[in-house]
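One structure coming up, written as structure tokens, with questions to follow.
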Amino acid sequence: MPEILFNVDHSKSMRDQAVPGHNRWHPDVPTVAMVRPGAEFRVECRDWTDCQVGNNDTANDVRDIDLTIPHMLSGPIGVEGAEPGDLLVVDILDLGPVPQQTGGFAGQGWGYTGIFAKANGGGFLTDYFPDAYKAIWDFHGQQAVSRHLPGISFTGITHPGLFGTAPSAEMLARWNAREKALIDTDPNRVPPLAVPPDGTNALAGTATGDLARRIGEEGARTVPARENGGNHDIKNFTRGSRVFYPVHVKDAKLSGGDLHFSQGDGEITFCGAIEMGGFIDFHVDLIKGGMETYGISTNPVFIPGNVEPRYTEFMTFIGISVDHDTDTNYYLDATLAYRRACLNAVEYFKKFGYSGEQAYLLLGSAPIEGRISGIVDIPNACCSLYVPTAMFDFDVRPTAAGPMKADRGRCAVATA
């Protein structure tokens, strides 16, 4: 087993670890360990919310998540010789839930998928599903099953939702300025257009005093992906993947977490993956001057791993850039087209006895494939959503006999 460079005791908050992590992007978060190019090492990660969600049958915990706390990031790990302009080469050797543990914290044999309430972040379909819901998934090797979505099991594509390098001070200032400009276009929007810096519940790693306060006040929130990598939520970013991260500060400062047992393309419920704590093993190297050499200046690039389920048959749902609720056409709007593909899938699975919320949870957590299928045929963009039929223990294909409707239970709901 590789050396553990960041250790997590899952019975304790990230704040109470022997070496705490951080939850803001900032160049001055202190490095917790240094490695040389060519090193292999393990990083342990806590659930992204610092374990605010429990293994139970209510969604009150999802509804009430304090979003000033996420994401809980492990690191930063410094790489000797890394300088701005280099590329940090990161190989994912292995990853998974918390090894040999069962218990009450996500990753200890189970994980969860949540639909966030519109008032607390929302999701891709928040105008259709504005309240909080949840599904708990139990892990059996590579398989996930849920008491909240009976009749379904699938092989997960385990991956980290979030890893990246530290931004430079100049880059951080640009992020904060452009996101503030976006927020200012509609400052009272629910959910908000972006999340500005906020010192509330900021965690600055091993920094203390004035440095910790400044990191909290200036640090960028970890919600979106940015030029440094960050919250990509790419389901094929799994074992065997190689990522080329731009380096913006001395030593690169690699940090991350937000491990997922599985996820559908888009992570559409916002907490759409099967969220968990666990571990990830890395190998790192450097390409000196690689950003200029390869023209990788604004975002990482990666080579996906070849570990994925062998699903061969799919139900594929199509969406176009037409708002069918108002019969309004939009010009090549791929976001709307993908939303319509998701809504079409939700309506389809309701015919088999699932609630709309259950279907929504499934599309966020299972290894569905989302594609932009057409983006040039004016006025309608076309997106497609591939749902593996083998996930179901009944036939979901259309037949003359009609859908096999049954009592499919219920997901966890929020109560007053």
Side-chain angles (χ1 to χ4, degrees), residues 10 46-67 69-70 97-98 102-140 143-154 156 161 191 233 258-264 266-277 342-343 345-347 349-350 352-368 391-393 405-416:
H10 290 276
R46 191 156 163 82
D47 161 66
W48 75 290
T49 71
D50 206 19
C51 296
Q52 296 183 61
V53 177
N55 187 348
N56 51 50
D57 298 318
T58 174
N60 287 3
D61 46 14
V62 170
R63 180 196 63 196
D64 298 335
I65 283 177
D66 185 343
L67 287 178
I69 293 174
V98 183
T102 58
F105 300 103
Q108 294 181 318
W110 63 278
Y112 63 92
T113 303
I115 296 174
F116 268 40
K118 185 173 183 178
N120 195 29
F124 193 50
L125 306 182
T126 194
D127 290 335
Y128 299 87
F129 300 98
D131 300 318
Y133 299 88
K134 183 177 75 178
I136 298 296
W137 300 89
D138 293 313
F139 305 152
H140 301 280
Q143 294 293 113
V145 297
S146 175
R147 64 184 182 268
H148 296 127
L149 282 89
I152 295 167
S153 66
F154 53 81
D233 293 317
D258 186 27
L259 302 188
H260 299 162
F261 188 85
S262 178
Q263 182 199 297
E267 199 188 11
I268 61 174
T269 73
F270 181 38
C271 187
I274 300 180
E275 307 285 352
M276 66 178 191
C342 293
L343 289 168
V346 167
E347 289 303 311
F349 291 120
K350 285 167 63 176
F352 292 83
Y354 292 110
S355 68
E357 292 77 18
Q358 286 176 305
Y360 187 16
L361 286 162
L362 174 65
L363 297 182
S365 57
I368 64 169
M391 296 190 308
F392 301 88
D393 64 10
K405 194 161 188 175
D407 182 357
R408 308 292 178 190
R410 61 181 296 192
C411 60
V413 302
T415 57

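Throughout, numbering of the chain's residues begins at 1 and tracks the sequence. Just so you know, these numbers come straight off a predicted model, no measurement behind them.
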Would you give the length of the straight line joining atom CD of Glu347 to atom SG of Cys342, rounded to the nearest 0.5 angstrom? 12.5 Å
Does Pro150 offer a backbone N or O that forms a donor-acceptor pair with the side chain of Tyr354 under 3.5 Å? yes
Would you call the rings of Phe392 and Phe349 parallel, tilted or perpendicular, taking 30° and 60° as the class edges? parallel
Electrostatic pair Asp61:Lys134 at N-O distance under 4.0 angstrom: yes
Under a 3.5 Å threshold, yes or no: a donor from one side chain and an acceptor from the other, between His260 and Asp258? yes
Glu267 side chain to Ala273 backbone, donor-acceptor under 3.5 Å: yes
Can you check whether Cys411 reaches Tyr360 side chain to side chain, under 4.5 Å on heavy atoms? no
So, taking the atom named CG in Leu361 and the one named OG1 in Thr269, what distance separates them when rounded to the nearest 0.5 Å? 6.0 Å
Looking just at side-chain N and O atoms, do Thr415 and Asn60 make a donor-acceptor pair shorter than 3.5 Å? yes
Would you compute the distance between atom CG of Asp50 and atom CD of Gln52 and round it to the nearest 0.5 angstrom? 7.0 Å
With rounding to the nearest 0.5 Å, note down the distance linking NZ in Lys350 to OG in Ser355. 8.5 Å
Aromatic ring centroids of Phe139 and Phe261 under 6.0 Å? yes
May I ask you to test the Ile136-Arg147 pair for a side-chain heavy-atom distance under 4.5 Å? yes
Phe352 and Lys405: CA distance, side-chain angles, deciding distance, side-chain contact (heavy atoms from CB on, under 4.5 Å) verdict: CA-CA 4 Å; Phe352 292 83; Lys405 194 161 188 175; 5.8 Å; no
Full working for side-chain contact (heavy atoms from CB on, under 4.5 Å) between Arg410 and His148: CA-CA 5 Å; Arg410 61 181 296 192; His148 296 127; over 6 Å; no
Looking only at heavy atoms, which two atoms of Ala59 and Ala412 are closest? And how far apart? CB-O, 3.6 Å
Shortest non-hydrogen separation from Ser153 to Gln143 and the atoms involved: OG-NE2, 3.9 Å
Before you tell me yes or no, could you show the steps for Val145 and His140 under side-chain contact (heavy atoms from CB on, under 4.5 Å), namely the whole-Å CA-CA distance, both residues' side-chain angles and the distance that decides it to 0.1 Å? CA-CA 8 Å; Val145 297; His140 301 280; 3.6 Å; yes
Taking NZ, NE, NH1 and NH2 as the nitrogens, is one of them in Lys118 or Asp131 under 4.0 Å from a carboxylate oxygen of the other? no
Taking Trp110 for its side chain and Gly103 for its backbone only, find out whether a donor-acceptor pair lies under 3.5 Å. yes
Go through the steps for Asn120 and Arg63 under the test side-chain contact (heavy atoms from CB on, under 4.5 Å), then give the verdict. CA-CA 7 Å; Asn120 195 29; Arg63 180 196 63 196; over 6 Å; no
How many angstroms lie between atom CD1 of Ile268 and atom OG of Ser365, to the nearest 0.5 angstrom? 9.0 Å
Are Trp137 and Phe154, when compared by the centres of their aromatic rings, separated by less than 6.0 Å? yes
Can you confirm whether Phe270 sits close enough to Leu67 that some side-chain heavy atom of one is under 4.5 Å from a side-chain heavy atom of the other? yes
Less than 4.5 Å apart, side chain to side chain, heavy atoms only: is that true for Ile65 and Phe116? yes
Does some side-chain heavy atom of Leu343 sit less than 4.5 Å from a side-chain heavy atom of Leu125? yes
What are the two closest non-hydrogen atoms of Ala345 and Leu363, and how far apart are they? CB-CD1, 3.9 Å
Between Met391 and Pro367, is any pair of side-chain heavy atoms under 4.5 Å apart? yes
Just by distance, no angles: are the side chains of Asp47 and Thr49 close enough, under 3.5 Å, to form a donor-acceptor pair? yes
How far does CG of Asp138 sit from OG of Ser146, to the nearest 0.5 angstrom? 7.5 Å
Taking all heavy atoms of Met276 and all of Gly107, pick out the closest pair and write down the distance. CB-CA, 3.7 Å
Would a 4.5 Å heavy-atom cut-off, applied to side chains only, mark Gln263 and Ile274 as touching? no
